[in-house]
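Report on the following structure.
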Amino acid sequence: MSDGLSALPCSFFARPVLEVAPDLIGCTFLFDGVGGRLVEVEAYRRDDPASHSYRGRTPRNAVMFGPPGRLYVYFTMGLHFCVNVVCQGEGEAAAVLLRALEPTDGVELMRRRRGLTELRSLCSGPAKLTQALDITRADNGTNACRPCPPSLDGDSPRVRFLARPEGTTPRVVSTPRIGISVGTGSPWRFVDGDSRFLSRPLPRPRG
DNA sequence: GACTTGATCCCG
DNA sequence: GGGATCAAGTCC
C-alpha cells in the first residue's frame, strides 16, 4: 500500500524527460486512490519522430506543450486510452508514457473494471492501465503533481505520484520502445528489471 | 490477424 | 471541406 509515501513535487517533472522516466520506476501512481507501483514507462521528446509532438502542436497533443506535471491522455486504435505525464519546461512537449504498474491500491475495483482477477494482467500495458484506473479523455490536462508551493493545497487532487519508499532503489533497465515504427533506435523504455508486472518480459540475458 | 474511431494529412 | 490513412494496443 501507498500509505506514508510523499507526493512528488512539480519540480520532479520539470527536468529532462530522460531523467524523469527512469526516476519514475518504483514510484506509485494513484488515480482516485486506485493504482500501484510503476514498473514500466517510456520517454517521448519533441525532437523524437515517434512522439506525438514531433510535428508540432495540434488540438490533440496541446497538453504536451503545456506546463509539466499534467496528464496527457490520448485515444488510440479506435478503442483505447493511454496516459502520459508532461515533463521538462512549458512548450518543450516532452512526456512519459505510463505503460505498466504493479497493482497495490484498489485492486478489487481494478479487477471489476478489467473483468479479470489475475493481478499480473490488470495493468500490464498502457491501455490496460487506463482501463483499470478509469482514466479517459475527460482526464486529459489534469494536474498531476503536488501544488507548488504546498501552502496552496486545496481540494485533494484525483491524481497522485508518490515517491519511492525511502531506501529502495529498483534495478532500472532501458530497452527500445514498444509499438512504434520510427525512433526505434532510442532505448527510452525503462522498466524495473525485477518486476513480474511488465507488458512484456525482458529479453533473456544472452549467455 | 481483427477490431474500431477519430485526428491528421493531402488534395482540391 | 472531404475522403484516405493509420495509429505510443489488446485479445483471440
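In what follows, every chain begins at residue 1, and chains take the letters A, B, ... in the order their sequences are listed. In this text, all values refer to a predicted model and were calculated from it rather than measured experimentally.
- Because its NZ or CZ atom is both nearer than 6.0 Å to the ring centre of Phe75(A) and within 45° of the ring axis, Arg137(A) counts as a cation-pi partner of that residue.
- Remark: C1' of dC6(C) and CZ of Arg60(A) are 10 Å apart, rounded to the nearest angstrom.
- Close to dA8(C), at under 4.0 Å from its OP1 or OP2, lies a side-chain N or O of His52(A).
- Taking atom CZ of Arg200(A) as the reference point, atom P of dC11(C) lies 13 Å away to the nearest angstrom.
- Rounded to whole Å, the distance from CZ on Arg189(A) to C1' on dG9(C) is 14 Å.
- Here dG3(C) sits opposite dC9(B) as a Watson-Crick or G-U wobble pair (both hydrogen-bonding atom distances under 3.5 Å).
- For Lys128(A), taking side-chain heavy atoms from C-beta onward, the closest of the listed nucleotides dT10(C), dG6(B), dA8(C) is dT10(C).
- Remark: Arg70(A) is not positioned above the aromatic ring of Tyr72(A), lacking an NZ or CZ atom under 6.0 angstrom from the ring centre and at most 45 degrees off the axis.
- The aromatic ring of Phe75(A) does not stack onto the base of dA7(B), failing the criterion of a centre distance under 5.5 Å from the six-membered base ring together with planes under 30° apart.
- Within a 6.0 Å radius of OH in Tyr54(A), other residues, nucleotides and ligands contribute 12 heavy atoms or fewer.
- Between Glu92(A) and Arg46(A) there is no salt bridge, since none of the side-chain N atoms of the basic residue sits less than 4.0 Å from a carboxylate O of the acidic one.
- Near DNA chain C, meaning a heavy atom under 4.0 Å from it, residues 97-115 of chain A has Leu97(A), Arg99(A), Arg114(A) in order of number.
- A donor-acceptor pair shorter than 3.5 Å cannot be found between the side chains of Gln131(A) and Arg113(A).
- Side-chain contact annotation: Asp105(A) with Ser2(A), donor-acceptor N/O pair under 3.5 Å present.
- A straight line from CZ of Phe81(A) to P of dT5(B) spans 11 Å, rounded to a whole angstrom.
- At whole-Å resolution of the value, CG in Asn61(A) and P in dG6(B) are 18 Å apart.
- Residue Phe161(A) forms a ring pair (Phe, Tyr, Trp, His ring centres under 6.0 Å) with just one option from Phe31(A), Phe12(A), Phe13(A), and that option is Phe13(A).
- No salt bridge links Asp32(A) with Arg160(A); every basic N to acidic carboxylate O contact stays at or beyond 4.0 Å.
- In this entry the distance linking CD1 of Ile178(A) with C1' of dA8(C) reads 10 Å, nearest Å.
- Here the side chain of Arg55(A) is nearest to one of dC9(B), dA7(B), dG9(C), namely dC9(B).
- When rounded to the nearest whole Å, the span between CZ of Arg137(A) and C1' of dT4(B) equals 13 Å.
- The listed nucleotides are dC3(B), dT10(C), dA7(C); the one nearest the side chain of Leu79(A) is dC3(B).
- Looking at which nucleotide of DNA chain C each of Pro126(A) and Ser181(A) is closest to, the 5′-most match is held by Ser181(A).
- Looking at Tyr74(A), its side chain has no donor and acceptor atom pair within 3.5 Å of the base of dA7(B).
- What separates CE of Met77(A) from P of dC11(C) is a distance of 13 Å, to the nearest Å.
- With a 3.5 Å ceiling on both atom-pair distances, the Watson-Crick or G-U wobble partner of dG9(C) is dC3(B).
- At the heavy-atom level, Ala50(A) lies under 4.0 Å from base atoms of the strands shown.
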